[in-house]
Amino acid sequence: MLQTALRFSHTLLKEVIQKGDTVVDATMGNGNDTAFLADLVGSTGLVYAFDIQEQALINTEKKLTELGLTDHVSLVHKGHETINRTIPEKTQLTAAIFNLGYLPKSDKQIITKPDTTKKALDALLPRLAPKGRIIIVVYYGHLGGEMELTLVQNYCQELPQETYSVLTYQFINQKNNPPILFCIEKK
Ligand SMILES: C[S@@+](CC[C@H](N)C(=O)[O-])C[C@H]1O[C@@H](n2cnc3c(N)ncnc32)[C@H](O)[C@@H]1O
């Protein structure tokens with residue numbers, strides 16, 4: 001059976017992340033991706049997880065504690081546009097993931113935005129290790145979502161093919177705007 005965008009995002013991450021790696025969850029939310037990444041990098045690795053909502057940090061901390069994964073995660077209560085100020089300059093990243101949109105069962109007005117998403121991508125690309133991947137899962141059914149989808153689409157399409165391979169993964173016959181996945185891989 002074909003994988004959902006969410007499941008496929010984890011498959012793509014699993015293929016490249018190893019124990020000891022440093023990775024980024026750019027949109028922590030309820031911490032599902034943070035926990036997944038923390039498990040992959042293990043006790044010798046490090047996950048930087050960003051969110052602007054305090055509730056996201058509370059939910060994620062709770063999840064990580066239950067799973068015994070708190071030790072190697074840095075929960076950052078700041079936007080992902082601060083990546084360059086938060087992560088030491090020389091840190092090389094194996095992977096990063098974005099889930100763009102709003103936090104499910106939360107305030108639908110608090111959404112990711114094109115300008116800050118672009119800043120985060122600009123900061124991540126130079127730090128990406130060879131064969132490293134940035135996954136962007138775009139939910140775009142809400143007000144403002146289409147604009148962000150356009151930004152991500154254009155941004156990805158314009159990346160030079162000598163340096164990056166980029167794919168998109170989407171179900172084209174489903175109702176209710178299923179998320180679209182983009183994967184940028186450094187050559
Ligand atoms: C679709 S949710 C992420 C879901 C998450 N991956 C999970 O496992 O639950 C999007 C999240 O992005 C957060 N967000 C919005 N703007 C942000 C920014 N500039 N930097 C980091 N997170 C942001 C929202 O607060 C929200 O929690």
Side-chain angles (χ1 to χ4, degrees), residues 3-14 17 22-41 46-67 69-70 72-87 93 95-125 127 133-153 155 169-171 176-184:
Q3 296 180 38
T4 62
L6 201 71
R7 185 166 285 275
F8 191 46
S9 71
H10 285 191
T11 300
L12 290 168
L13 291 170
K14 220 176 179 165
I17 297 174
T22 303
V23 300
V24 169
D25 182 355
T27 52
M28 181 193 320
N30 289 322
N32 297 310
D33 293 326
T34 310
F36 180 75
L37 291 170
D39 189 42
L40 289 180
V41 299
L46 180 59
V47 183
Y48 287 96
F50 292 81
D51 208 293
I52 53 171
Q53 294 194 68
E54 195 178 1
Q55 196 57 47
L57 277 86
I58 294 168
N59 295 352
T60 302
E61 174 104 59
K62 185 166 177 281
K63 177 162 285 157
L64 294 172
T65 304
E66 283 164 7
L67 297 168
L69 292 168
T70 42
H72 43 288
V73 179
S74 172
L75 299 181
V76 184
H77 188 192
K78 286 190 255 173
H80 42 230
E81 60 277 16
T82 67
I83 281 172
N84 271 340
R85 274 178 276 146
T86 309
I87 304 180
L93 302 167
I97 182 157
F98 294 75
N99 269 266
L100 300 178
Y102 59 87
L103 184 60
K105 297 186 195 143
S106 173
D107 186 348
K108 292 190 182 165
Q109 310 289 332
I110 305 176
I111 55 171
T112 51
K113 305 229 171 88
D115 59 330
T116 41
T117 297
K118 181 181 178 309
K119 273 191 192 141
L121 288 169
D122 286 345
L124 287 169
L125 285 179
R127 295 161 175 270
R133 291 176 177 170
I134 300 174
I135 317 287
I136 312 154
V137 181
V138 188
Y139 293 81
Y140 63 99
H142 57 283
L143 195 65
E146 292 270 3
M147 244 168 62
E148 193 162 43
L149 175 61
T150 304
L151 173 276
V152 173
Q153 234 155 9
Y155 190 96
Y169 180 85
Q170 90 181 98
F171 289 89
N176 302 323
N177 308 310
I180 302 177
L181 178 149
F182 297 82
C183 175
I184 303 169

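Please read these numbers as outputs of a predicted model, since none were measured by experiment. Counting from 1, the numbers follow the sequence of the chain as shown. All ligand and atom numbering here is 1-based and tracks the order in the structure.
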- Considering the options V152, L100, V137, I135, which one meets the side chain to side chain contact (heavy atoms under 4.5 Å, CB included) requirement together with F182? V152
- Message: Using a 4.0 Å cutoff against the non-hydrogen atoms of A26, which atoms of ligand 1 qualify?
- Response: 21 (C), 22 (N)
- Message: So is M28 touching ligand 1 or not, going by heavy atoms under 4.0 Å?
- Response: yes
- Message: Looking only at protein heavy atoms, which one is nearest to atom 3 (C) of ligand 1, and what is the separation?
- Response: T27 O, 3.5 Å
- Task: May I ask you to list the atoms of ligand 1 that are less than 4.0 angstrom from any heavy atom of Q53?
- Result: 24 (C), 25 (O), 27 (O)
- Message: Pair H80, V24 - check side chain to side chain contact (heavy atoms under 4.5 Å, CB included), show working.
- Response: CA-CA 9 Å; H80 42 230; V24 169; over 6 Å; no
- Message: Students should be able to answer this: which protein heavy-atom is nearest to atom 10 (C) of ligand 1, and at what distance?
- Response: N99 O, 3.3 Å
- Note on the structure: Closest to atom 9 (O) of ligand 1 among protein heavy atoms sits N30 N, 2.8 Å
- Message: Checking a contact table here: which protein heavy atom is nearest atom 11 (C) of ligand 1, and how many Å away?
- Response: D51 OD2, 3.6 Å
- Numbered atoms of ligand 1 (with element) below 4.0 Å of T112, judged on heavy atoms: 12 (O), 14 (N), 15 (C), 16 (N)
- Message: My understanding is that only residues two or more places apart in sequence, or in another chain, count here; which of them pass side-chain contact (heavy atoms from CB on, under 4.5 Å) with K62?
- Response: E66
Under 3.5 Å, which donor-acceptor pairs link side chains of residues 47-55 to any protein atom two or more places apart or in another chain?
| residue | atom | partner | partner atom | Å |
| --- | --- | --- | --- | --- |
| D51 | OD1 | Q53 | N | 2.9 |
| D51 | OD2 | G29 | N | 2.9 |
| Q55 | NE2 | N59 | OD1 | 2.9 |

- Please say which of T34, N32, N30 ends up in a side-chain hydrogen bond (donor to acceptor under 3.5 Å, both in side chains) with K63. N32
- For the atom pair NZ (K119) and NZ (K113), what is the distance rounded to the nearest 0.5 Å? 11.5 Å
- Measure the CZ-CG distance between R133 and L13 for me, rounded to the nearest 0.5 Å. 8.5 Å
- Note on the structure: for atom 16 (N) of ligand 1, nearest protein heavy atom and its distance come out as I52 CD1, 3.5 Å
- Quick check: does Y139 get an N/O under 3.5 Å from an N/O on ligand 1? no
- Message: Check whether Y169 reaches the backbone of Q3 with its side chain - one donor and one acceptor, N or O, closer than 3.5 Å.
- Response: yes
- For side chain to side chain contact (heavy atoms under 4.5 Å, CB included), just list the numbers for T60 and V73, CA-CA rounded to whole Å, side-chain angles, deciding distance to a tenth of an Å, and then say yes or no. CA-CA 10 Å; T60 302; V73 179; 5.8 Å; no
- Message: What protein heavy atom lies closest to atom 20 (N) of ligand 1? Include the residue and the distance to one decimal.
- Response: H80 N, 2.8 Å
- What residue and atom, counting heavy atoms only, is the protein's closest point to atom 19 (N) of ligand 1, and at what distance? E81 OE1, 3.0 Å
- Message: Classify the ring geometry of Y102 against H142: parallel below 30°, tilted from 30° to 60°, perpendicular beyond 60°.
- Response: perpendicular
- Task: Using distance alone, decide if ligand 1 has a nitrogen or oxygen within less than 3.5 Å of any nitrogen or oxygen in K78.
- Result: no
- Do D33 and ligand 1 have an N or O pair less than 3.5 Å apart? yes
- Just let me know how Y102 lines up against ligand 1, side chain, backbone, both or neither, with a heavy-atom cut-off below 4.0 Å. backbone
